[in-house]
Amino acid sequence: MSAGVDAHVHLWDRSLDPQDWIDAETMAPIARDFDASDLSAMLASTGLDRAVVVQSSNSLEESIRLAGLASPVVAGLVAWVDLAAEVGPQLDRIRENTSVPVVGVRHLAHIDPDPQWLTREDVGAGLTVLERENLCFDLVVREWQLPQAIHLATRHSGLRLVLDHLGGPPEPGQDRSGWASRLRDLARRPNVVAKVSGLTSGLAPGSWRAADLAASVTVALESLGPERLLYGSDWPLAELGGGAVSWKSAVEALLGGLSAAERARVFGGNAADVYSLF
């Protein structure tokens with residue numbers, strides 16, 4: 001069995017990389033700094049060995065700092081670069097004196113001031129560089145942006161796209177038919193994989209059960225299959241929904257119908273392949 005990998009975590013030092021989106025009152029569990037020692041403890045509590053750290057700010061300096069982490073539990077970094085500028089020199093800066101391999105790039109497209117950012121020509125040129133560098137592009141989008149993701153996946157068919165948080169399905173009890181249709185369409189592109197992550201980060205602790213998430217996970221399984229799904233905790237944001245342990249237990253229950261080999265793929269093997277982790 002492959003070593004367990006959490007494909008989506010964040011680390012931040014707010015004195016260096018302010019996280020202005022964190023409201024200290026409503027997001028108290030994450031209104032602090034999180035470092036590699038905290039990550040080690042979280043992974044131990046969920047029974048996993050390593051994690052992929054994902055950028056949390058559209059900041060090259062943050063990515064440079066994250067690349068310098070010297071921890072055996074950090075398997076790779078999904079960094080940020082300005083894809084509308086010269087990508088190569090930015091990647092070179094991140095890779096200087098790095099301890100963590102850069103395995104992908106992400107841009108916070110779901111909050112970009114340009115609602116059409118994903119379809120811009122200059123961004124497309126940057127994505128072509130990622131394909132040449134054999135790097136993944138993590139897609140963090142709202143449901144309404146999934147048609148743009150479909151366009152991007154078609155146009156850049158040689159680029160591995162990793163859809164974060166299943167593309168933002170509606171909360172339990174809300175109509176998910178539009179999201180489901182768009183996810184199925186996106187999943188028809190063979191260069192797309194998705195992370196089962198982030199589904200409880202916006203839910204109050206104790207307000208949800210695994211069964212409440214079953215419909216969304218079932219759509220993902222039917223659309224992508226266990227060979228194209230990656231487990232991610234979205235920690236420390238998972239603490240907003242009751243914690244990484246509760247989320248991991250829920251995903252295990254929701255994937256209970258898979259074989260042991262299939263579960264091993266979701267909980268580590270797929271991440272190792274997609275991100276070329278060694």
Side-chain angles (χ1 to χ4, degrees), residues 7-10 19 21 52 54-59 63 78-84 103-128 130-131 135-157 159-172 174-203 213 215-217 219-221 223-224 228-234 237-238 240-241 270-271 274-275:
H8 200 100
V9 305
H10 305 285
Q19 306 296 322
W21 55 275
V52 175
V54 180
Q55 58 84 227
S56 54
S57 303
N58 288 347
S59 162
S63 291
V78 175
W80 181 86
V81 300
D82 183 355
L83 288 169
V103 297
V105 166
R106 187 176 83 151
H107 177 82
L108 301 179
H110 65 312
I111 57 173
D112 194 278
D114 182 356
Q116 298 297 318
W117 184 90
L118 286 169
T119 64
R120 284 168 41 177
E121 291 295 327
D122 52 359
V123 171
L127 293 173
T128 299
L130 298 189
E131 180 179 349
L135 294 174
C136 299
F137 181 61
D138 266 47
L139 281 164
V140 53
V141 296
R142 308 290 192 197
E143 179 186 340
W144 62 268
Q145 292 172 302
L146 285 172
Q148 295 182 38
I150 293 165
H151 172 79
L152 190 153
T154 303
R155 186 173 184 181
H156 298 273
S157 59
L159 176 65
R160 178 62 60 87
L161 299 174
V162 184
L163 180 67
D164 293 348
H165 317 325
L166 295 184
E171 293 184 0
Q174 297 181 355
D175 178 22
R176 61 174 52 83
S177 59
W179 163 82
S181 175
R182 290 166 173 168
L183 181 68
R184 292 187 182 104
D185 197 357
L186 181 60
R188 294 188 183 99
R189 280 66 183 175
N191 54 322
V192 174
V193 300
K195 292 178 183 176
V196 184
S197 61
L199 302 190
T200 60
S201 300
L203 305 178
L213 311 172
S216 296
V217 174
V219 170
L221 273 171
S223 303
L224 292 149
R228 293 167 64 194
L229 293 176
L230 291 64
Y231 167 82
S233 66
D234 195 26
L237 280 75
L240 298 175
N270 291 337
V274 167
Y275 287 122

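Quantities reported herein were computed from a predicted structural model and do not represent experimental measurements.
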- Message: Looking at Arg228 and Ala187, would you say the former's side chain and the latter's main chain have a donor-acceptor pair under 3.5 Å?
- Response: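 Side chain of Arg228 to backbone of Ala187, a donor-acceptor pair under 3.5 Å: yes, one is there.
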- Run the salt-bridge test on Arg188 and Asp185 with the 4.0 Å N-O cut-off and return the result as yes or no.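 Salt bridge present between Arg188 and Asp185.
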Considering all heavy atoms of both residues, which atom of [X] and which atom of [Y] are nearest to each other, and what is their separation?
| X | Y | result |
| --- | --- | --- |
| Val9 | Ser233 | CG1-OG, 3.6 Å |
| Ala194 | Leu224 | CB-CD1, 3.6 Å |
| Trp21 | Ser56 | NE1-O, 4.4 Å |
| His165 | Ser197 | ND1-OG, 2.7 Å |

Check whether any side-chain heavy atom of [X] sits under 4.5 Å from a side-chain heavy atom of [Y], and report yes or no.
| X | Y | value |
| --- | --- | --- |
| Thr119 | Leu152 | no |
| Val140 | Leu108 | yes |
| Tyr231 | Val196 | no |
| Val219 | Leu221 | no |
| Leu146 | Val141 | yes |
| Trp80 | Asp82 | yes |

Using 0.5 Å steps for rounding, measure from the [atom1] atom of [X] to the [atom2] atom of [Y].
| X | Y | atom1 | atom2 | value |
| --- | --- | --- | --- | --- |
| Leu139 | Leu186 | CG | CG | 7.5 Å |
| Arg106 | Asn58 | CZ | CG | 8.5 Å |
| Leu229 | Leu166 | CG | CG | 7.0 Å |
| Arg182 | Ser223 | CZ | OG | 14.5 Å |

- side-chain hydrogen bond (donor to acceptor under 3.5 Å, both in side chains) partners for Asn270, two or more places apart: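 By the side-chain hydrogen bond (donor to acceptor under 3.5 Å, both in side chains) rule, Asn270 matches Arg265.
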- Query: Applying ring pair (Phe, Tyr, Trp, His ring centres under 6.0 Å), which residue pairs with at least one partner in residues 109-128 are found, sequence neighbours left out?
  - Reply: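 Sorted pair list: His107-Trp117.
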- Partner residues of His156 under the ring-ring contact (aromatic ring centres under 6.0 Å, His included) criterion, sequence neighbours left out: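 If we apply the ring-ring contact (aromatic ring centres under 6.0 Å, His included) test to His156, skipping adjacent residues, there are no hits.
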- All salt bridge (charged side-chain N to carboxylate O under 4.0 Å, His left out) counterparts of Arg184, not counting sequence neighbours: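 If we apply the salt bridge (charged side-chain N to carboxylate O under 4.0 Å, His left out) test to Arg184, skipping adjacent residues, there are no hits.
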- Task: Sorted by first residue and then second, give each salt bridge (Lys or Arg N to Asp or Glu O under 4.0 Å) pair with at least one member in residues 190-199; sequence neighbours left out.
- Result: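 Qualifying pairs, neighbours excluded: Asp138-Lys195, Asp164-Lys195.
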- Message: Could you walk me through whether Tyr275 and Cys136 satisfy the side chain to side chain contact (heavy atoms under 4.5 Å, CB included) test, starting with their C-alpha distance in whole Å, then the side-chain angles of each, then the deciding distance to 0.1 Å, before giving a yes or no?
- Response: CA-CA 7 Å; Tyr275 287 122; Cys136 299; 4.0 Å; yes
- Message: By the side chain to side chain donor-acceptor pair (under 3.5 Å) test, which pairs, at least two apart or in different chains, include something from residues 139-154?
- Response: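 Passing the test, one end in residues 139-154: Thr154-Arg189.
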